[in-house]
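This chain uses plain numbering: 1 for the first residue, then up along the sequence.
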Amino acid sequence: METIAFPLYLSLKVAALATFVALLIGIVCAWMFVQWQNRWTKILSLITVIPLVLPPTVLGYYLLLVIGRDGLVGRIIEHWTGSPIVFTWKAAVIAAAIASLPLIIRPIQTAFESIEHEILKAAQLDGANRWQVFRYIMLPLGYRGVLAGLVLGFARAMGEFGATLMVAGNIPGQTQTLAIAIYDAVQANRMTEAHLMAVVLSGTTLLLLFIVTQVVKQNV
């Protein structure tokens with residue numbers, strides 16, 4: 001069980017943080033895509049889909065170019081913090097957040113787009129600004145899309161493998177998530193251990209998704 005405990009803990013930690021970050025970015029992006037439908041938002045919308053269509057290892061390679069020690073973002077972070085971000089659990093959070101972002105944006109955008117335009121127009125005519133329209137109309141009416149994005153994003157982040165392996169590596173006790181630990185066990189022909197970890201990962205993800213869904217439903 002010791003070989004499962006830390007990878008499970010790290011997977012939950014990475015998935016929770018990645019989903020939180022991606023959900024905030026996803027809500028803002030979805031709102032922008034609905035509010036401003038122009039060439040620039042279409043380009044940005046296309047860019048946010050890229051993690052969905054690229055092979056995870058290719059996504060991880062591009063991330064490595066950006067946040068690696070020779071990448072612009074990586075150099076800036078290292079200058080600020082004094083240590084590189086690659087091959088740390090923080091890099092795993094970045095990889096999982098970017099990988100789950102498309103699955104978070106789309107349902108939220110669809111929910112926002114389904115809100116009747118007359119309702120938004122009426123609020124604006126009554127003097128509501130963009131923030132008030134978003135806070136008091138779009139977000140409450142689009143909660144089902146936010147919930148769907150939350151669930152899909154968490155599930156994607158929990159199972160993220162390829163990009164995480166590229167930027168965070170496979171360091172037991174430091175960056176080895178449960179998905180990577182399963183791969184490691186299969187490579188070493190520890191099939192019993194791999195079976196157990198696969199069951200734990202699947203069961204934990206399904207259980208948490210069920211709990212999150214029920215809690216959010218009860219509080220909406």
Between Met32 and Gln37, does the side chain to side chain contact (heavy atoms under 4.5 Å, CB included) criterion hold? Intermediate values first, please.
CA-CA 8 Å; Met32 288 173 54; Gln37 296 183 355; over 6 Å; no

Please tell me if the side chains of Ile105 and Cys29 come closer than 4.5 Å, counting only heavy atoms from C-beta onward.
yes

Do the side chain of Glu78 and the main chain of Gly82 share a donor and acceptor less than 3.5 angstrom apart?
no

Under a 4.5 Å side-chain heavy-atom rule over Ile, Leu, Val, Met, Phe, Trp and Tyr, are Leu44 and Trp36 clustered together?
yes

4.5 Å side-chain heavy-atom contact, Trp89 and Lys13
yes

Under 6.0 Å from the CD atom of Gln187, do we count more than 12 heavy atoms belonging to anything else shown?
yes

Nearest-0.5 Å distance, CD1 of residue Ile171 to CD of residue Gln176:
10.0 Å

Between CG on residue Leu152 and CZ on residue Phe154, distance to nearest 0.5 Å:
12.5 Å

Evaluate the side-chain proximity of Leu23 to Val146: yes if any heavy-atom separation is below 4.5 Å, no if none is.
yes

Going by heavy atoms in the side chains, are Val34 and Gln109 under 4.5 Å from each other?
yes

By the side chain to side chain donor-acceptor pair (under 3.5 Å) test, which pairs, at least two apart or in different chains, include something from residues 189-211?
Arg190-Glu193

Closest non-hydrogen atom pair, Pro102 against Pro51
CG-CB, 3.9 Å

Do Asn170 and Thr175 touch side chain to side chain, with heavy atoms closer than 4.5 Å?
no

Output the distance between atom CG (Leu101) and atom CD1 (Ile50), rounded to the nearest 0.5 Å.
11.5 Å

Minimum-distance pair of heavy atoms, taken over all atoms of Gly26 and Ile108
C-CD1, 4.5 Å

Could you check Ile104 against Leu150 for side chain to side chain contact (heavy atoms under 4.5 Å, CB included), going step by step and ending with a plain yes or no?
CA-CA 6 Å; Ile104 290 178; Leu150 174 70; over 6 Å; no

Is the side chain of Ser45 donor-acceptor paired with the backbone N or O of Thr41 at a distance under 3.5 Å, no angle test?
no

Between Leu12 and Val151, is there shared hydrophobic-cluster membership here, with clusters defined by ILVMFWY side-chain heavy atoms closer than 4.5 Å?
yes

Decide yes or no for Gln124 and Asn129: does some side-chain heavy atom of the first lie under 4.5 Å from some side-chain heavy atom of the second?
no

Check the pair Val86 / Leu64 against side chain to side chain contact (heavy atoms under 4.5 Å, CB included), numbers first and verdict last.
CA-CA 8 Å; Val86 287; Leu64 202 56; 3.9 Å; yes

Minimum-distance pair of heavy atoms, taken over all atoms of Ala97 and Ala18:
N-CB, 3.5 Å

Contact check, side chains of Ile115 and Leu120, non-hydrogen atoms, under 4.5 Å
yes

To check you understand the geometry: which heavy-atom pair defines the closest contact between Gln132 and Gly127, and what is its length?
OE1-O, 4.0 Å

Kindly work out whether a path of hydrophobic side-chain contacts (I/L/V/M/F/W/Y, heavy atoms less than 4.5 Å apart) joins Val66 to Leu59.
yes

One pair to check against side chain to side chain donor-acceptor pair (under 3.5 Å): Arg106 and Thr48. What are the steps and the verdict?
CA-CA 10 Å; Arg106 297 308 153 204; Thr48 60; 2.9 Å; yes

Is there a path from Leu103 to Ile47 through hydrophobic residues (I, L, V, M, F, W, Y) whose side chains come within less than 4.5 Å of each other?
no

What pairs with Leu65 under side chain to side chain contact (heavy atoms under 4.5 Å, CB included), at least two apart in sequence or on another chain?
Tyr61, Tyr62

Tyr183: ring pair (Phe, Tyr, Trp, His ring centres under 6.0 Å) partners, not counting sequence neighbours:
Phe161

With ring centroids as reference points, do Trp31 and Trp131 lie under 6.0 angstrom apart?
no

Taking all non-hydrogen atoms of both residues, which atom of Arg156 and which atom of Ser100 are closest, and how far apart?
CG-CA, 3.8 Å

I'd like to know if Leu72 and Ile77 are part of one continuous hydrophobic network [Ile/Leu/Val/Met/Phe/Trp/Tyr, side-chain heavy atoms within less than 4.5 Å].
no

With a cut-off of 6.0 Å (strictly less than), are more than 12 heavy atoms of other residues, nucleotides or ligands near NZ of Lys121?
no

Can you find a pair of side-chain heavy atoms, one from Ile94 and one from Ile85, that are under 4.5 Å apart?
yes

Trace of the side chain to side chain contact (heavy atoms under 4.5 Å, CB included) decision for Phe112 with Phe134:
CA-CA 9 Å; Phe112 286 168; Phe134 169 75; 3.9 Å; yes

Do you know which two heavy atoms are closest between Val167 and Ala95, and how far apart they sit?
CG2-CB, 3.8 Å

Mind checking the CG-CG spacing from Leu201 to Leu178? Nearest 0.5 Å is all I need.
5.0 Å

Out of curiosity, Leu63 CG to Met166 CE, how far, rounded to the nearest 0.5 Å?
9.5 Å

I need the Phe87 CZ to Arg69 CZ distance, nearest 0.5 Å.
10.5 Å

